[in-house]
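Heads up, the thing below is written out as structure tokens.
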Amino acid sequence: MSMWSSSSSFFYKHHSFNPNFFSSRTIKPVIGTRFVKCSTSDNANDIHELLKILPHDLRDNLVMESKKDQLLEVILDLGRLPQACFLGDSGRRYIRDTEISMEELEFAENAIGEIGGDNRGGISGTLHRISAVRSRKGVVVGLTCRVGRAVKGIVDIVRDLLEFGESILFIGRPGVGKTTVMREISRVLSDELHKRVVVVDTSNEIGGGGDIAHPAIGSARRMQVCKASMQHKVMIEAVENHMPQVIIVDEISTRAEVIACQSIAKRGVMLIGSAHGDRLENIIKNPVLSRLAGGIQSVTLGDQEAQQTDGRKTVSQRAGPPTFPFMIEIRDRHCWVIHKIRKRDKEMKVIIEKCKIKN
């Protein structure tokens, strides 16, 4: 079994899709490039449905905003100034000089419709997502209104891995774009690679609000999850009842969901999932999620083996095969770490570092 190290590059070395690609011999990086153009779907980028739930003056201010197309979210908190966040900005900016009233929050809540038990809601026919903050009495006192978009071309940076057919886990901090990636992968796998894809969609995060899935997920089928605690059961149901070749699930976080992933992987179904974490180490050190990477166990070494580990007699090793052979860190929207760094330059050209054995 491969020994863990503090560096995630060690993990990548032992999880290449080509087992002969890496070697203990010296390797040197070779830069490969290919062109790809990312484009945002006009329908998904239409924020007018989201603006309708906002107070009239905020709606007018945002319509006139020069960076309207880069709007990420609007924050409405009772008794505070409303804020907006735009792509490329380091923080939020105030968009009005008067505080949000309870009447304005009630108007927005009524316009949204039902907000689920997980305090998330959506706008039917769109990808926009609304999250509520409640008081101790259960009254909505704050709303986070996030703009949902479908970005075509964003997954071309890992298109080769999708075609290989192995399971992939995307790791990233909240807001980095994991759900947008899940959405586009659904479309690519179902429409372009002609796979039978089922999206297990908790809170309608991937397929949008309403009972009809948004066109952004292509011809993939969607199974909605009424409660977040039921996600693992719907995952198993999807495999047993609908014969998918691919299962896509967002935000894997509980032990039950990890066990469901392991069960699905053993049935020969490709899994595409995501989990919160800044780096691969966050997954490895997480007592629940580490099982997705094979788990960790302590092993005592003999004297001869200990000489190769600076005299350490006890080391950590991977306990078993990983559920996800590929684990990809999304550092930001245009920089992903797999075996090496893949990123886009200013002209949106994909730069892929590969490794070549040095003779």
Residues in salt bridge (Lys or Arg N to Asp or Glu O under 4.0 Å) with E257, at least two apart? none
Just so I know, are the side chains of V269 and V246 near enough to count as touching, which here means a heavy-atom distance under 4.5 Å? no
Shared hydrophobic cluster, L193 / L161 (ILVMFWY, side-chain heavy atoms < 4.5 Å): yes
In terms of heavy-atom contacts, I236 and S263 come closest through CD1-OG, 4.0 Å
Salt bridge (Lys or Arg N to Asp or Glu O under 4.0 Å) evaluation trace for E251 with R120: CA-CA 14 Å; E251 296 186 12; R120 294 179 179 181; 3.5 Å; yes
Not counting sequence neighbours, list each pair that qualifies as a ring pair (Phe, Tyr, Trp, His ring centres under 6.0 Å) and has a residue in residues 251-300. none
Mind checking the OG-CG spacing from S131 to L143? Nearest 0.5 Å is all I need. 9.0 Å
Please report the interatomic distance CE(M102) to CG(L78), rounded to the nearest 0.5 Å. 4.5 Å
State plainly whether the residues R279 and E281 are in salt-bridge range, i.e. N to O under 4.0 Å. no
N286 side-chain N/O to V288 backbone N/O, donor-acceptor pair under 3.5 Å: yes
Please check if atom NZ in K67 has more than 12 non-hydrogen atoms from other residues, nucleotides or ligands closer than 6.0 Å. yes
I'd like to know if the side chain of K178 and the backbone of R173 have a donor-acceptor N/O pair within less than 3.5 Å. yes
Who passes side chain to side chain donor-acceptor pair (under 3.5 Å) against D77, sequence neighbours left out? none
Check whether any side-chain heavy atom of V155 lies under 4.5 Å from a side-chain heavy atom of I157, and answer yes or no. no
Distance (rounded to the nearest 0.5 Å) between I185 CD1 and S274 OG: 9.5 Å
So I115 and E109, do their side chains get closer than 4.5 Å, heavy atoms only? yes
List the steps and the verdict of side-chain contact (heavy atoms from CB on, under 4.5 Å) for C335 and D332. CA-CA 5 Å; C335 182; D332 61 46; 3.4 Å; yes
Looking at R331 and D278, is there a salt bridge between them, counting it only when a charged N and a carboxylate O are closer than 4.0 Å? no
Between the main-chain N or O of S219 and the side-chain N or O of S190, is there a donor-acceptor pair closer than 3.5 Å? yes
If hydrophobic clusters are built from ILVMFWY residues whose side chains come within less than 4.5 Å, do F107 and V63 share one? no
Give the other cluster members for L72, using side-chain heavy-atom distances under 4.5 Å between Ile, Leu, Val, Met, Phe, Trp and Tyr residues; answer none if it is isolated. L87
Under a 4.5 Å cut-off applied to non-hydrogen side-chain atoms, are V234 and I247 in contact? no
Do L76 and L54 have side chains that approach each other closer than 4.5 Å (heavy atoms only, starting at C-beta)? yes
Taking Q224 for the side chain and G210 for the main chain, is one N or O donor matched with an acceptor at less than 3.5 Å? yes
Euclidean distance, D250 CG relative to M182 CE, rounded to 0.5 Å: 6.5 Å
Are I264 and M230 in one and the same hydrophobic cluster, where Ile, Leu, Val, Met, Phe, Trp and Tyr link if side-chain heavy atoms are under 4.5 Å apart? yes
Sidechain N-carboxylate O distance under 4.0 Å for K233, E237: no
Is R187 salt-bridged to E184, cutoff N-O under 4.0 Å? yes
May I ask you to test the L127-R183 pair for a side-chain heavy-atom distance under 4.5 Å? yes
For A275 and L289 the tightest heavy-atom approach is CB-CD1, 4.1 Å
Counting neighbours of CG on D211 that are heavy atoms of other residues, nucleotides or ligands and sit closer than 6.0 Å, is the number greater than 12? no
Taking the side chain as everything from C-beta on, heavy atoms only, tell me whether R159 gets closer than 4.5 Å to V188. yes
Y94 vs I75, test: side-chain contact (heavy atoms from CB on, under 4.5 Å). Steps then yes/no. CA-CA 9 Å; Y94 295 116; I75 306 297; over 6 Å; no
Using the six-membered ring wherever Trp is involved, compare the ring planes of F326 and F164 and label them parallel, tilted or perpendicular (cut-offs 30° and 60°). perpendicular
Quick one: pull up CD1 in I95 and CZ in F86 and give me the separation to the nearest 0.5 Å. 7.0 Å
Do L169 and I259 share a hydrophobic cluster, counting only Ile, Leu, Val, Met, Phe, Trp and Tyr and linking them when any side-chain heavy atoms are less than 4.5 Å apart? no
Pair L50, I123 - check side-chain contact (heavy atoms from CB on, under 4.5 Å), show working. CA-CA 7 Å; L50 180 67; I123 301 174; 4.0 Å; yes
State, to 0.1 Å, how close I53 and A111 come at their nearest heavy-atom pair, and which atoms those are. CG2-CB, 3.7 Å
Shortest non-hydrogen contact between G209 and N204, atoms and distance: CA-ND2, 4.0 Å
So which heavy atom on L271 is nearest to which on T323, and how close? CD1-CG2, 4.3 Å
Residue set satisfying salt bridge (Lys or Arg N to Asp or Glu O under 4.0 Å) with E240, at least two apart, ordered chain then number -> R267
Single-linkage hydrophobic cluster, 4.5 Å side-chain cutoff, L51 and L81 together: no
Option among R92, R129, R149, R93 that satisfies the salt bridge (charged side-chain N to carboxylate O under 4.0 Å, His left out) test with E73: R92
Side-chain atoms of residues 195-203: list all donor-acceptor pairs with protein atoms under 3.5 Å, sequence neighbours left out, distances to 0.1 Å.
unit_1, atom_1, unit_2, atom_2, d
R196, NE, M243, O, 2.8
R196, NH2, M243, O, 3.3
D201, OD1, E205, N, 3.0
D201, OD1, I206, N, 2.8
D201, OD2, G207, N, 2.7
D201, OD2, R222, NH1, 3.1
T202, OG1, Q231, OE1, 2.3
S203, OG, D118, OD2, 2.1

Give a yes or no answer on whether the side chain of H242 reaches the backbone of P244 with a donor-acceptor pair at less than 3.5 Å. no
In the structure I gave you, are the side-chain heavy atoms of H128 and C145 within less than 4.5 Å of one another anywhere? no
Search all heavy atoms of G175 against all heavy atoms of R146 and return the closest pair with its distance. CA-NH2, 3.8 Å
Indicate whether the side chain of R134 and that of N119 have a donor and an acceptor atom separated by less than 3.5 Å. yes
With side-chain contact (heavy atoms from CB on, under 4.5 Å) as the criterion, how do L71 and I47 come out once you've worked through the C-alpha distance, each side chain's angles and the decisive distance to 0.1 Å? CA-CA 9 Å; L71 180 65; I47 67 170; 4.0 Å; yes
Mind checking the CZ-CD1 spacing from F324 to I171? Nearest 0.5 Å is all I need. 9.5 Å
Would one find more than 12 heavy atoms of other residues, nucleotides or ligands at under 6.0 Å from atom CZ of R221? no
